[in-house]
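We count ligands from 1, going down the list as the structure has it; atoms in each ligand are counted the same way. Scope of the values below: all heavy atoms of this structure, side chains included, with no hydrogens, waters or symmetry mates.
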Amino acid sequence: MNIQTAEPSTGRPVEIAALMPPAHIRRIVLTGFMGAGKTAVGRLLAGHLGWEFLDLDDSIASRAGLAVPSIFAAHGEPHFRKLESEALASALGRANIVLSLGGGAPETLTNRLLLEQTPATATVFLDAPFAILYDRCMLQALNPGATARPNLADATAAQQRFAVRHPIYSRLANHTVDTASLSTEQTVATLLARLHLPKPRRR
Ligand code: S3P
């Protein structure tokens with residue numbers, strides 16, 4: 001909610017939310033479909049802020065002692081979603097953290113409630129059209145050591161998931177950044193400006 005006050009010299013209305021210091025945000029959570037750049041953006045953003053970076057999929061894998069595709073293969077998606085909610089609840093207990101979620105996390109109601117009810121948490125939707133995201137994922141899959149994405153194996157089913165999730169990401173987010181034509185660095189710079197955080201110094 002943005003409360004209004006007036007600028008003393010001009011009497012012009014000013015939104016108090018726009019004046020709040022950066023200190024009010026203690027967690028930045030990145031959401032979006034597979035290929036949105038959540039991990040790359042999150043890592044760079046955390047490095048800039050001097051905050052911890054956590055990729056929720058990595059956290060799930062290390063808690064389970066099993067890689068994400070193996071959890072899907074051995075126990076199925078519903079079990080993965082249960083582990084995901086547990087890992088999210090634990091991660092949101094930390095402060096000064098940038099957290100990148102897996103693309104399906106916001107579909108679970110428990111996760112949305114956790115995100116909405118954890119104070120000082122800014123949720124950011126990294127948006128782009130499905131075709132761009134799919135191509136990015138196909139390129140990433142060529143990297144040696146890339147983690148497989150079980151929910152991308154069937155392109156038509158993936159597009160249907162995208163259509164279901166898109167309004168969920170939009171509604172949940174405090175901020176949406178269209179990343180279709182932005183590099184990782186440009187996305188981070190856009191986010192810092194939106195969240196009223198200091199811009200990176202040129203080295
Ligand atoms: C999933 C996205 C993946 C991972 C899992 C399921 C999804 O994360 O959580 O493979 O359902 O969209 P990324 O969005 O980081 O690829």
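Of the N or O atoms in Glu84, none lie within a sub-3.5 Å distance of an N or O in ligand 1. Considering backbone and side-chain N/O atoms, Gly103 comes within less than 3.5 Å of an N/O atom of ligand 1. Among the atoms of Glu77, none of the N or O lies under 3.5 angstrom from an N or O of ligand 1. Taking distance alone, with nitrogen or oxygen atoms compared against 3.5 Å, Thr39 stays at or beyond that limit from ligand 1.
Taking every non-hydrogen atom of Phe80 and a distance limit under 4.0 Å, the qualifying atoms of ligand 1 come out as 9 (O). Taking every heavy atom of Gly104 and a limit of under 4.0 angstrom, the matching atoms of ligand 1 come to 7 (C), 11 (O), 12 (O). Listed by number with element, the atoms of ligand 1 under 4.0 angstrom from any heavy atom of Gly102 are 8 (O), 9 (O), 14 (O). For ligand 1, the atoms closer than 4.0 angstrom to any heavy atom of Pro150 are 10 (O). Taking every non-hydrogen atom of Asp57 and a distance limit under 4.0 Å, the qualifying atoms of ligand 1 come out as 3 (C), 4 (C), 8 (O), 9 (O), 13 (P), 15 (O). Each of the atoms 16 (O) of ligand 1 lies under 4.0 Å from some heavy atom of Arg149.
Checked by atom type and distance alone, the side chain of Arg27 never pairs as donor or acceptor with a backbone atom of Ile97 at under 3.5 Å. Side chain of Tyr169 to backbone of Gly103: a donor-acceptor contact under 3.5 angstrom is found. Side-chain atoms of Thr121 come within 3.5 Å of backbone atoms of Pro119 as a donor-acceptor pair (strictly under, hydrogens ignored). Checked by atom type and distance alone, the side chain of Arg194 pairs as donor or acceptor with a backbone atom of Thr176 at under 3.5 Å. The main-chain N or O of Trp51 is never found under 3.5 Å from a side-chain atom of Asn96 such that the two would form a donor-acceptor pair.
Assignment of Gln140 to the shell around ligand 1 is not supported, since no heavy atom sits closer than 4.0 Å. Ligand 1 lies within reach of Arg165, whose nearest heavy atom is under 4.0 Å from it.
Applying the ring-ring contact (aromatic ring centres under 6.0 Å, His included) test between His166 and each of Phe125, Phe33, Phe130 identifies Phe125 as the sole match. The side-chain contact (heavy atoms from CB on, under 4.5 Å) test with Leu88 is passed by exactly one of Val29, Thr108, Asn111: Asn111.
Linking ILVMFWY side-chain heavy atoms closer than 4.5 Å, directly or via other members, places Val68 and Leu54 in a single hydrophobic cluster.
Inter-residue side-chain proximity for Leu83 and Glu86 is flagged as met; some heavy-atom pair is nearer than 4.5 Å.
With a 4.0 Å heavy-atom cut-off, ligand 1 is reached by the side chain of Arg81 but not by its N, CA, C or O.
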